[in-house]
**Q** 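This is the structure I want to talk about, given as structure tokens.
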Amino acid sequence: MTKKIRRSGAALGAVLMASLSACDLSPNYKPTQFLYPNGWGGKGVLVDGKPSDGQPRGDWWTMFHDPQLDALEARLLQSNPDLQAQAEAFTQARDVARETEAQLYPQFSGSAGGTKNRTSVTRLWRARGATSALYESSEFYSGAATWEPDFWDRIRNQSHLQKNLAQASAADYANSRLSLQAELASDYLGLRGLDAQYAVYDDSIRYYRTAVQITQLRQSGAIAAGLDVSRAENQLYSTMAAQSNVVAQRQVLEHAIAVLVNTVPASFHVPQENSQFLRFHTVQVDAGLPSQLLERRPDIAESEREFAASSRAIGVSRAAFYPDVTFSASGGFMNNGFDLANMANSMWSYGVQAVEPLFTGGLRRAALQRAWSQYRQNADNYRATVLAAFQEVEDGLSQTREFHRQQMQQAEAVAAALRTQRMTMALYTGGLTNYLDVVVAQQAALTARIDEVQAQTTQLQATVRLIRALGGGWDRSQLPSIKEIEPFHALQYDNLHHPLPAGGIDPHDSPSDSDLRGNYSSPQSVQGLTQAPSKR
């Protein structure tokens, strides 16, 4: 009977220890579920086309079929300093997670040393007749081990919390990359739009120079008054001033592009295109289903991972109400000579410590309440991020549709304005109308042509915003898994300068120690930045 009781007690103890070693005090985490509409409220340009043609990919900018833009985007991914800094932030988040997980394992240490002591000849309490100094030596080596069993999953929850935050950092990197790519594409399209405006102004200036000459000839023949010449000259010089303003805007955009590709603006130049028309065609974008948006937006993934981390923080705060148990042991040898490996010279100690705070003035309760509040706050932030994402997609769909319609209508306005300009000049040359009608027609034609270019530029930039709102081809499967968060192998002791790649993020592939020299002249001649000697 006694043996049965002992066996039952041992079994009960084993079951109790097993339950304590897996006592997760964090709440069961389930991401918030949302109700989605069956489709989008707006319809973008050609959004009902073939999904395989319009689905944004990882290199979505190639949809514009511009080799110069492709080359610039490649340089941005390779050397943009903001992007590289975000990659290093992900590396640091991975290392913090590994530091936290290391607390799960026993910690070992070793020590060794020796001393030699000499007493003074004139020491106090020396023996009678002692006339020499005394010497004493001691040599030792020892080892120690400590381990804190994670009965309440405090360390495990801290580790999972940091890994969730590392995943959020990876999603933040993807979001930063997408934002920079979209910014570069939008700036480049805006720059090409300014090139088209410059060409329109250039063509109008040539036309207005001819108009000035006509008015001067008519004035010299006493057919027209000097007022006509003044009006023609005013039209000419005001158009030249507007062209100079376009040049200034282009230079500012060019400087912005230079910084994005990690180049000093003074040594960077994008060749100008002398065309009155943008050569980009309407880009087909497939918005997909609303239910797919949560899997395609990196900012939503970042918010969700922060939400998951906050649930682990609750488990950490709950574990603070239970005692912390620590096992420790140490042992070694000590002697006054080198003959240490002798059991008579051995020393050892071991112990178990359990600490339970009895009164902390509400410290642990406040920490737990704060953890719950942060959990609810992250839930609200997650919901707000999702709503903002749906708004951005709907805005992009509406803008691409209406801006495309505006572009088509503006083309008709340009055709009508140019006809009016030609007919009015013909009437003036024949003496059938005054020059004021000519000026009004010229101003209307120039405004219509500039508006047409601006409408096309705006429509292209709206397409970029729509692609960004749809995630730019990113997918949640690209987020590193919990296992991939490990920055190095368990037994790896070399090549620690850079972590193992995870989630497609590898800072080692990008130059971070570079000077700021570079040049850009053509898609076939994109000179990379000169690599400076490493200072590490």
**Q** Would Leu479 and Arg305 count as a side chain to side chain contact (heavy atoms under 4.5 Å, CB included) if you check the C-alpha gap in whole Å, the side-chain angles of each, and the deciding distance to 0.1 Å?
**A** CA-CA 10 Å; Leu479 201 66; Arg305 288 293 83 193; 4.1 Å; yes
**Q** Under 3.5 Å, side chain of Gln456 to main-chain N/O of Phe280, donor-acceptor pair present?
**A**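 Yes; judged by distance alone, with no hydrogens or angles, the pair exists.
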**Q** Measure across Leu260 and Leu180 and return the closest heavy-atom pair with its distance rounded to 0.1 Å.
**A**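 So the two residues come closest at CD2-CD2, 3.8 Å.
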**Q** Near Gln369 CD, under 6.0 Å, is it more than 12 heavy atoms from other residues, nucleotides or ligands?
**A** no
**Q** Looking at every heavy atom in both Leu69 and Ala185, which two are closest together, and how far apart are they?
**A** CD1-CA, 4.0 Å
**Q** Side chains of Trp61 and Asp59: does their closest heavy-atom pair fall under 4.5 Å?
**A**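 Side-chain contact under 4.5 Å: yes.
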**Q** By the ring pair (Phe, Tyr, Trp, His ring centres under 6.0 Å) test, which pairs, at least two apart or in different chains, include something from residues 441-465?
**A**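 As it turns out, there is no ring pair (Phe, Tyr, Trp, His ring centres under 6.0 Å) pair with a partner in residues 441-465 once direct neighbours are skipped.
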**Q** Using the side chain to side chain contact (heavy atoms under 4.5 Å, CB included) rule, take Asp324 and Arg154 through it: C-alpha gap first, then chi angles, then the decisive distance, then the call.
**A** CA-CA 10 Å; Asp324 292 332; Arg154 177 183 63 84; 4.2 Å; yes
**Q** For Pro487 versus Arg94, what's the shortest heavy-atom pair and its separation?
**A** CA-NH2, 3.4 Å
**Q** Heavy-atom count check: over 12 atoms from other residues, nucleotides or ligands less than 6.0 Å from Tyr322 OH?
**A** no
**Q** Do Arg250 and Val247 have side chains that get closer than 4.5 Å, going by heavy atoms?
**A** no
**Q** Take Tyr207 and Gln442 through the side chain to side chain contact (heavy atoms under 4.5 Å, CB included) test and state the conclusion after the steps.
**A** CA-CA 9 Å; Tyr207 184 83; Gln442 289 175 344; 3.5 Å; yes
**Q** State plainly whether the residues Arg312 and Asp24 are in salt-bridge range, i.e. N to O under 4.0 Å.
**A**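 Counted as a salt bridge, because a side-chain N and a carboxylate O are separated by less than 4.0 Å.
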**Q** With rounding to the nearest 0.5 angstrom, report the OG1 to CG distance, Thr458 to Asp451.
**A** 10.0 Å
**Q** Quick check for you: to the nearest 0.5 Å, what is the distance between Leu466 atom CG and Glu394 atom CD?
**A**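 Reported to 0.5 Å precision, the distance equals 10.0 Å.
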**Q** Anything under 30° is parallel, anything over 60° is perpendicular, the rest tilted; go ahead and classify Phe390 against Trp40.
**A**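 If you compare the ring of Phe390 with that of Trp40, the planes turn out tilted.
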**Q** For the backbone of Gln374 and the side chain of Asn378, can you confirm whether one donor and one acceptor N or O come within less than 3.5 Å of each other?
**A** yes
**Q** Write down the atom of Pro31, the atom of Glu304, and the distance for their closest heavy-atom approach.
**A** CG-OE2, 3.8 Å
**Q** According to side-chain contact (heavy atoms from CB on, under 4.5 Å), who are the partners of Ser373, at least two apart in sequence or on a separate chain?
**A**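 Arg376.
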**Q** Just wondering, more than 12 heavy atoms not from Tyr237 lying within 6.0 Å of its OH?
**A** no
**Q** Do Arg192 and Thr457 come within less than 4.5 Å of each other through their side chains, counting heavy atoms only?
**A**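 Sidechains of Thr457 and Arg192: no contact.
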**Q** Among residues at least two apart in sequence or on other chains, which ones pass side-chain contact (heavy atoms from CB on, under 4.5 Å) with Gln478?
**A**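 Here the qualifying residues are Arg177, Trp474, Asp475.
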**Q** So Asp395 and Arg465, salt bridge (Lys or Arg N to Asp or Glu O under 4.0 Å) or not? Walk me through it.
**A** CA-CA 9 Å; Asp395 289 346; Arg465 290 194 297 271; over 6 Å; no
**Q** Any chance you could lay out the salt bridge (Lys or Arg N to Asp or Glu O under 4.0 Å) test for Arg297 and Glu302, step after step, and finish with the verdict?
**A** CA-CA 9 Å; Arg297 292 264 305 210; Glu302 178 186 2; over 6 Å; no
**Q** Side chains of Leu161 and Asn157: does their closest heavy-atom pair fall under 4.5 Å?
**A**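 Answer no - side chains too far apart.
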**Q** Between CD of Gln443 and OG1 of Thr239, what distance do you get to the nearest 0.5 Å?
**A**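 Result: 8.0 Å between the selected atoms.
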**Q** State which residue, out of Thr447, Leu446, Val453, fulfils the side chain to side chain contact (heavy atoms under 4.5 Å, CB included) condition with Ile450.
**A**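 So, applying the side chain to side chain contact (heavy atoms under 4.5 Å, CB included) to Ile450 and each of Thr447, Leu446, Val453, only Leu446 qualifies.
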**Q** Check the pair Gln181 / Leu77 against side chain to side chain contact (heavy atoms under 4.5 Å, CB included), numbers first and verdict last.
**A** CA-CA 8 Å; Gln181 291 170 342; Leu77 292 176; 3.2 Å; yes
**Q** Within the distance-only criterion (no hydrogens, no angle test), does the side chain of Gln459 pair as donor or acceptor with the backbone N or O of His404 below 3.5 angstrom?
**A**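 Flag not set: sc Gln459 to bb His404 has no pair under 3.5 Å.
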**Q** Please report the shortest heavy-atom distance between Ser311 and Ser26, naming the atom on each side.
**A** O-CB, 3.4 Å
**Q** When you compare the side chain of Trp60 with that of Leu178, does any pair of heavy atoms fall below 4.5 Å?
**A** yes
**Q** Looking at Ala199 and Ser275, what are the two nearest heavy atoms and their distance?
**A**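 Here Ala199 and Ser275 meet closest at CB-O, 3.3 Å.
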**Q** Could you go through Arg405 and Glu402, starting from their C-alpha distance and side-chain angles, then the distance that decides it, and tell me whether this counts as salt bridge (Lys or Arg N to Asp or Glu O under 4.0 Å)?
**A** CA-CA 5 Å; Arg405 183 180 301 172; Glu402 296 303 325; 3.5 Å; yes
**Q** Side chain of Gln410, backbone of Ala448: donor and acceptor closer than 3.5 Å?
**A** yes
**Q** Any non-hydrogen side-chain atom of Asn381 less than 4.5 Å from a side-chain atom of Glu306?
**A** no
**Q** Should the ring pair Phe307 and Tyr375 be called parallel, tilted or perpendicular, given that the plane angle runs from 0 to 90° and is split at 30 and 60?
**A** tilted
**Q** Take Glu73 and Tyr188 through the test side-chain hydrogen bond (donor to acceptor under 3.5 Å, both in side chains) and record every step on the way to the result.
**A** CA-CA 10 Å; Glu73 291 285 359; Tyr188 180 81; over 6 Å; no
**Q** Nearest 0.5 Å, what's the OG1-CD distance between Thr91 and Gln86?
**A** 10.5 Å
**Q** Would you confirm whether Asp150, through its side chain, and Ile155, through its main-chain N or O, come within 3.5 Å as a donor-acceptor pair?
**A** yes
**Q** Working to the nearest 0.5 angstrom, can you tell me the gap between Gln167 CD and Phe90 CZ?
**A**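 The CD atom of Gln167 sits 8.5 Å away from the CZ atom of Phe90.
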**Q** Does a side-chain heavy-atom distance below 4.5 Å link Leu165 with Ser169?
**A**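 Not in contact.
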**Q** Under the 3.5 angstrom rule, does the side chain of Ser204 hit a backbone N or O of Val200 as a donor-acceptor pair?
**A**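 Yes, because the side chain of Ser204 sits within donor-acceptor range (under 3.5 Å) of the backbone of Val200.
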**Q** Would you say the side-chain atoms of Arg75 and Thr263 include a donor-acceptor pair closer than 3.5 Å?
**A**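 Side-chain D/A pair, Arg75 to Thr263: present.
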**Q** Does atom CZ (Arg365) have a neighbourhood of more than 12 heavy atoms from anything else shown, all under 6.0 Å?
**A**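 No, the 6.0 Å shell around CZ holds no more than 12 heavy atoms from other groups.
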**Q** Rounded to the nearest 0.5 Å, what separation is found between the CG atom of Asp380 and the OG1 atom of Thr385?
**A** 10.5 Å
**Q** Going by the side chain to side chain contact (heavy atoms under 4.5 Å, CB included) test, name the single residue among Lys163, Gln158, Gln162, Arg156 that passes it with Glu101.
**A** Lys163
**Q** Does the side chain of Tyr208 reach to within under 4.5 Å of the side chain of Ser238, using non-hydrogen atoms?
**A** no
**Q** After noting the C-alpha distance and the side-chain angles of Asp203 and Arg206, does the key distance pass the salt bridge (Lys or Arg N to Asp or Glu O under 4.0 Å) rule?
**A** CA-CA 5 Å; Asp203 182 66; Arg206 288 193 298 269; 3.3 Å; yes
